[in-house]
Amino acid sequence: MDDFKLADGQSLADFLNGGVLFEAEVIRSSTEIREASKRGYKREWLDARLLLLSMIAKLFASKSGVPGATNADRSDRILLIGSFLQGVAVTETLVSEGQYIKAAAVLKQDYEILTRIRETKVGAAKVGQNPQVRHAPEGSQHFYGDLNKIAHPSNPHVIADLLHVHEVGDVVGPTYVPRYIPETANSLYELHVWLLLEIAREIVLLFFEMYDADDPSIRSALFEMAVVLDLVKQAGFRIEA
């Protein structure tokens with residue numbers, strides 16, 4: 001880096017500071033969007049998300065180091081659940097901080113993970129093949145198409161609708177700074193909570209298979225899931241039986 005030379009004579013310090021300021025502007029805007037997003041979300045969504053994460057953490061902690069009855073099917077589901085949970089915080093950040101295009105791509109993958117778990121349970125999963133949305137929860141298939149429209153870079157008009165437009169005199173164009181779009185933020189966050197709910201349900205069902213159904217930690221998880229289900233129904237969620 002010490003040997004780096006700029007053709008226009010700009011100092012290296014000034015050049016690098018431009019990159020720092022570039023990223024700082026995105027972060028500043030993202031912080032403001034997060035505050036607006038949280039004000040726009042239904043209280044039930046926020047409460048349900050935290051309750052679900054707490055339930056999952058408690059259940060996992062209760063069985064840490066405790067072997068369960070497993071097989072190839074259950075092992076595959078454990079891997080899929082782990083990959084989903086690993087990205088929960090990242091998904092929430094993308095949605096809540098205005099990164100809607102990237103959030104759609106991540107939510108699409110989360111939807112595919114849920115679908116693959118359900119495929120695996122019925123013996124329909126095929127190595128190397130994409131999960132088939134017919135195995136997803138009934139009535140949810142339209143989510144996949146909607147997410148594809150946002151996440152796919154071949155839809156420039158959709159991308160344009162989600163980018164911030166900057167005007168300088170007669171010049172109008174998109175910028176790299178994210179913007180808050182209430183309808184999009186709410187829709188994506190609600191989907192994020194729904195996916196987490198469905199994954200949580202799959203976790204409880206998996207633990208039911210791996211451990212004694214009368215285990216106190218599993219009974220506790222069932223009670224906690226019932227509380228969350230009542231909560232999200234109040235928020236308008238349609239829950240599959």
> Do we see a donor-acceptor contact under 3.5 Å between the side chains of Arg116 and His135?
Replying inline: no
>> Tell me whether the rings of Phe60 and Phe207 are parallel (<30°), tilted (30 to 60°) or perpendicular (>60°).
In response: tilted
> Is Gln86 atom CD crowded by more than 12 heavy atoms from other residues, nucleotides or ligands, each under 6.0 Å away?
Replying inline: no
> In Å and rounded to the nearest 0.5 Å, what is the CZ to CG distance from Arg43 to Leu46?
Replying inline: 5.0 Å
>> Pair Ser29, Tyr180 - check side chain to side chain contact (heavy atoms under 4.5 Å, CB included), show working.
In response: CA-CA 9 Å; Ser29 180; Tyr180 174 51; over 6 Å; no
> Do Ile81 and Val66 sit in the same hydrophobic cluster, where Ile, Leu, Val, Met, Phe, Trp and Tyr count as joined when their side-chain heavy atoms come under 4.5 Å apart?
Replying inline: yes
>> Suppose we call two aromatic rings close when their centres sit under 6.0 Å apart. Are Tyr111 and Phe84 close by that rule?
In response: no
> Is it true that a side-chain atom of Ser187 and a backbone atom of Thr184 form a donor plus acceptor pair closer than 3.5 Å?
Replying inline: no
> So, for Arg34 and Thr93, which heavy atoms are closest and what is the spacing to 0.1 Å?
Replying inline: NH2-CA, 3.5 Å
>> Side-chain heavy atoms nearer than 4.5 Å, only ILVMFWY residues, links allowed to pass through others: does that put Trp45 and Tyr100 together?
In response: yes
> If we only count heavy atoms from C-beta on, is the Leu79 to Ser83 side-chain gap below 4.5 Å?
Replying inline: no
>> Could you report the tightest heavy-atom contact between Ala185 and Val95, atom names first, then the distance?
In response: O-CG1, 3.8 Å
>> As an exercise, state the distance from CG of Asp110 to CG of Leu195, rounded to the nearest 0.5 Å.
In response: 6.0 Å
>> Contact between Ser37 and Glu97 at the side-chain level, heavy atoms closer than 4.5 Å - yes or no?
In response: no
>> With a 3.5 Å distance limit and no angle check, can you tell me whether Gln141 reaches the backbone of Gly139 through a side-chain donor-acceptor pair?
In response: yes
> Between Glu202 and Lys121, is a salt bridge (charged side-chain N to carboxylate O under 4.0 Å, His left out) present by the stated rule, with each step listed?
Replying inline: CA-CA 10 Å; Glu202 293 297 337; Lys121 288 168 63 177; 2.9 Å; yes
Residues 217-227 side chain polar contacts: donor-acceptor under 3.5 Å, at least two apart:
unit_1: Ser217; atom_1: OG; unit_2: Ser62; atom_2: OG; d: 3.4
unit_1: Ser217; atom_1: OG; unit_2: Lys63; atom_2: NZ; d: 2.9
unit_1: Ser217; atom_1: OG; unit_2: Asp215; atom_2: OD1; d: 2.4
unit_1: Arg219; atom_1: NH1; unit_2: Asp214; atom_2: O; d: 2.2
unit_1: Ser220; atom_1: OG; unit_2: Lys58; atom_2: NZ; d: 2.8
unit_1: Ser220; atom_1: OG; unit_2: Glu224; atom_2: OE2; d: 2.8
unit_1: Glu224; atom_1: OE2; unit_2: Lys58; atom_2: NZ; d: 2.8

> Would the number of heavy atoms belonging to other residues, nucleotides or ligands and lying under 6.0 Å from NZ of Lys149 be above 12?
Replying inline: no
> For Met210 and Ile78, what are the C-alpha separation, side-chain angles and deciding distance, and is it a side chain to side chain contact (heavy atoms under 4.5 Å, CB included)?
Replying inline: CA-CA 11 Å; Met210 293 177 62; Ile78 291 170; 3.9 Å; yes
> Are side-chain N/O atoms of Tyr41 and Ser96 paired as donor and acceptor at under 3.5 Å?
Replying inline: yes
>> Distance check, rounded to the nearest 0.5 Å: Glu32 atom CD versus Glu35 atom CD?
In response: 7.0 Å
>> Quick check: closest heavy atoms across Ala69 and Arg74, and the distance to 0.1 Å?
In response: O-NH1, 2.8 Å
>> Apply side chain to side chain contact (heavy atoms under 4.5 Å, CB included) to residues Glu92 and Tyr189 and explain how you reach the verdict.
In response: CA-CA 7 Å; Glu92 190 279 339; Tyr189 190 83; 4.0 Å; yes
> Are the side chain of Lys108 and the backbone of Asn148 linked by a donor-acceptor contact shorter than 3.5 Å?
Replying inline: no
>> Is the shortest side-chain heavy-atom distance between Ile117 and Ile199 below 4.5 Å?
In response: yes
>> Between Val232 and Glu44, does the side chain to side chain contact (heavy atoms under 4.5 Å, CB included) criterion hold? Intermediate values first, please.
In response: CA-CA 6 Å; Val232 296; Glu44 291 90 346; over 6 Å; no
>> Between Ile203 and Leu85, is there a side-chain heavy-atom distance shorter than 4.5 Å?
In response: yes
> Out of curiosity, does Leu229 fall in the hydrophobic cluster containing Phe208 (side-chain heavy atoms, cut-off under 4.5 Å, transitive links)?
Replying inline: yes
>> Are Val228 and Met55 packed together at the side-chain level, in the sense that at least one heavy-atom pair is separated by less than 4.5 angstrom?
In response: no
>> Side chains of Ser11 and Asp14, heavy atoms from C-beta outward: is any pair under 4.5 Å?
In response: yes
> If you round to the nearest 0.5 Å, how far is CG of Asn186 from CD1 of Ile181?
Replying inline: 11.5 Å
>> How close do Leu147 and Leu188 get, counting heavy atoms only, and between which atoms?
In response: CD2-CD2, 4.1 Å
> Quick one: CG on Leu59 to OG on Ser64, what's the gap to the nearest 0.5 Å?
Replying inline: 11.5 Å
>> Quick check: closest heavy atoms across Val88 and Arg49, and the distance to 0.1 Å?
In response: CG1-NH2, 3.3 Å
> So does Gln234 have more than 12 non-hydrogen atoms from other groups sitting under 6.0 Å from CD?
Replying inline: yes
> How long is the gap from CD on Glu119 to CG on Leu80, to the nearest 0.5 Å?
Replying inline: 10.0 Å
>> Does any part of the side chain of Lys102, heavy atoms only, come nearer than 4.5 Å to the side chain of Val106, both counted from C-beta?
In response: no
>> Before you tell me yes or no, could you show the steps for Tyr144 and Glu112 under side chain to side chain donor-acceptor pair (under 3.5 Å), namely the whole-Å CA-CA distance, both residues' side-chain angles and the distance that decides it to 0.1 Å?
In response: CA-CA 9 Å; Tyr144 194 67; Glu112 290 173 339; 2.6 Å; yes
>> Applying the side-chain contact (heavy atoms from CB on, under 4.5 Å) criterion to Leu51, which one of Ile56, Leu197, Leu231 satisfies it?
In response: Leu231
> For Tyr211 and Gly68, which heavy atoms make the closest approach, and how far apart are they?
Replying inline: CE2-CA, 3.6 Å
